[in-house]
Amino acid sequence: MIIPKSHPRYKSLKTRELIANGVKSGIASVHGLIAHGRGEAFDYFLGEKTNESAKKSIEAAAALLLSAKRPVISVNGSAAALVPKELAELSRLLSAPLEINIFHSSKKREIKIKSHLEKYGAKNVLLPDKNHKIKFLESNRKYVNPEGIFKSDVVFVPLEDGDRAEALIKNGKKVITIDLNPLSRTSQKSTITIVDNITRAMPLLATQIRKFKKLKLTEKQLEAIFRNHDNKKELKSSVELMKKL
Ligand code: PTJ
């Protein structure tokens, strides 16, 4: 379908199309459409722009990712449909693997997501392995790759559902998420939550990482940045922002 550029909701409709096409091509789960609608509603209340609090969280997330020993980028069907190029770029910038990890179990979809990411330039994409699990999780998301999430210290988990952030934390990992809903379980349990649309936050995160790399910040400087981050405070300020609208 051709969406005229003059349409007042052009950007939003284009993003909708990405997720709808993702479902049609078997990358995103049909449930991803519902998740997307929920995200759109929260984005409305945020004024559909990256707020100051999200900018602070992006800075902290960049510092944490750069100081990680074994960072991993976890990818589900919705994230792959919305930001494949940006996920591949983040993987390159951090020399970190992308690991497919989906809630609605499907081997076929995992393979499709992998080749979709590779089409957009990803070089290191891992798949889950039924012989390796993380603890404290019952769903399909417990299966992980031995060279990826299993051994990781920091996991980037954008657009996530439910209980995995909490389980990853209980497994001793630090968790960074992007979630438009500051009240979600994932937002509340993660180490760092970026309350923003994944389509806006991903390019900003890459820019911040590039900036920190250029500045050649030391371990200590990076640590000071992410240790200073108060996730509860930033979540509260996103909720306050929504109330103001
Ligand atoms: O591919 P699968 O099988 O792993 O399934 C992926 C989905 C997203 C369907 C699954 O994880 C799910 O059902 O997620 P939830 O429980 O709907 O949670 C998704 C969260 O992402 C919600 O809190 C939404 O508000 C949020 N969200 C939706 N769209 C965006 C978003 N956050 C950031 N950017 C978006 N574009």
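Since we're looking at a predicted model, the values are computed, not measured. Atoms within a ligand are numbered from 1 in the order they appear, just like the ligands themselves.
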Next on the checklist: Evaluate Ser29 for polar contact with ligand 1, using N/O atom pairs at a separation under 3.5 Å.
Outcome noted: no
Checklist entry - Is the NZ atom of Lys107 crowded by more than 12 outside heavy atoms at less than 6.0 Å? => result yes
Next on the checklist: For ligand 1, which is the ligand I care about here, please tell me if Leu82 has any N or O atom under 3.5 Å from one of the ligand's N or O atoms.
Outcome noted: no
Next on the checklist: When you compare ligand 1 with Glu160, is there at least one nitrogen or oxygen pair between them that comes in under 3.5 angstrom?
Outcome noted: yes
Item to check | Residue from Val144, Asn171, Asp129 passing side chain to side chain contact (heavy atoms under 4.5 Å, CB included) with Phe150 | outcome: Val144
Item to check | Test item: Ser57 and Val195 side chains (from C-beta on) under 4.5 Å apart, heavy atoms | outcome: no
Next on the checklist: Using 30° and 60° as the class boundaries, would you call the ring planes of His104 and His31 parallel, tilted or perpendicular?
Outcome noted: parallel
Next on the checklist: Using a plain distance cutoff, I'd like to know if Ser184 has any nitrogen or oxygen under 3.5 Å from a nitrogen or oxygen of ligand 1.
Outcome noted: no
Next on the checklist: Would Lys170 pass as a cation-pi partner of Phe136, given that its NZ or CZ must be under 6.0 Å from the six-membered ring centre and within 45 degrees of the axis?
Outcome noted: yes
Next on the checklist: How far is atom 5 (O) of ligand 1 from the closest protein heavy atom, and which atom is that?
Outcome noted: His104 ND1, 3.5 Å
Item to check | Test applied, side chain to side chain donor-acceptor pair (under 3.5 Å); reference residue, Ser74; option that passes from Arg164, Arg141, Glu99 | outcome: Arg164
Checklist entry - Should Thr50 and Leu204 be marked as a side chain to side chain contact (heavy atoms under 4.5 Å, CB included) after you check the CA-CA gap, both sets of side-chain angles, and the distance that decides it? => result CA-CA 9 Å; Thr50 306; Leu204 295 174; 3.7 Å; yes
Next on the checklist: I'd like to check which ligand 1 atoms, numbered from 1 as shown, lie under 4.0 Å from a non-hydrogen atom of Gly32.
Outcome noted: 9 (C)
Checklist entry - What protein heavy atom sits nearest atom 15 (P) of ligand 1, and how far away is it? => result Arg38 NH2, 3.2 Å
Checklist entry - Should you measure from each heavy atom of Gly77, which atoms of ligand 1 turn up under 4.0 Å away? => result 1 (O)
Item to check | Taking atom 4 (O) of ligand 1 as the reference point, the nearest protein heavy atom with its distance | outcome: Phe103 N, 2.8 Å
Item to check | Ligand-residue contact atoms, ligand 1 with Asp196, heavy atoms, under 4.0 Å | outcome: 33 (C), 34 (N)
Item to check | Contact check: Ile102 vs ligand 1, nitrogen or oxygen atoms, below 3.5 angstrom | outcome: no
Item to check | Salt-bridge contact Glu48-Arg9 (side-chain N to carboxylate O under 4.0 Å) | outcome: yes
Next on the checklist: How far is atom 31 (C) of ligand 1 from the closest protein heavy atom, and which atom is that?
Outcome noted: Leu159 CG, 3.7 Å
Next on the checklist: With the threshold set at under 4.0 angstrom, would you say Asp43 reaches ligand 1 through any of its heavy atoms?
Outcome noted: no
Checklist entry - Out of curiosity, Asp43 CG to Leu180 CG, how far, rounded to the nearest 0.5 Å? => result 4.5 Å
Item to check | Which segment of Glu40 sits under 4.0 Å of ligand 1 when only heavy atoms are counted | outcome: neither
Checklist entry - Counting each atom of ligand 1 from 1 as listed, which ones have a heavy atom of Arg109 under 4.0 Å away? => result 1 (O), 2 (P), 3 (O)
Checklist entry - Nearest protein heavy-atom contact for atom 22 (C) of ligand 1: which residue, which atom, what distance? => result Asp179 OD1, 3.7 Å
Checklist entry - Quick one: nearest non-hydrogen protein atom to atom 13 (O) of ligand 1, plus distance? => result Asp161 CB, 4.0 Å
Next on the checklist: Need the ligand 1 atom indices (1-based, order shown) with element for anything under 4.0 Å from a heavy-atom of Gly39.
Outcome noted: 25 (O), 27 (N), 28 (C), 29 (N)
Checklist outcome for this item: In this structure, atom 28 (C) of ligand 1 is nearest to the protein heavy atom Ala35 O, 3.1 Å
Checklist entry - Atoms of ligand 1 less than 4.0 Å from His31 heavy atoms? => result 9 (C)
Checklist entry - Taking everything shown except Lys142 itself, do over 12 heavy atoms lie less than 6.0 Å from its NZ? => result yes
Next on the checklist: Just verifying a value: how many Å separate Ile134 CD1 and Tyr143 OH, rounded to the nearest 0.5 Å?
Outcome noted: 12.0 Å
Next on the checklist: If the cut-off is 4.0 Å to any non-hydrogen atom of Leu180, which atoms of ligand 1 fall inside it?
Outcome noted: 30 (C), 31 (C), 32 (N), 33 (C), 34 (N), 35 (C)
Next on the checklist: Please give me the minimum heavy-atom distance between Val157 and Thr177, naming the atom from each residue.
Outcome noted: O-OG1, 2.7 Å
Checklist entry - Are Tyr10 and Leu13 connected, step by step, through hydrophobic side chains (Ile, Leu, Val, Met, Phe, Trp, Tyr) whose heavy atoms are closer than 4.5 Å? => result yes
Checklist entry - Heavy-atom contacts under 4.0 Å between Ile34 and ligand 1: side chain, backbone, both, or neither? => result neither
Item to check | Protein heavy atom at shortest distance from atom 7 (C) of ligand 1 | outcome: Ser78 OG, 4.1 Å
Next on the checklist: Within the supplied structure, the quantity of interest is the number of heavy atoms (other residues, nucleotides, ligands) at a distance under 6.0 Å from Lys173 NZ; does it exceed 12?
Outcome noted: yes
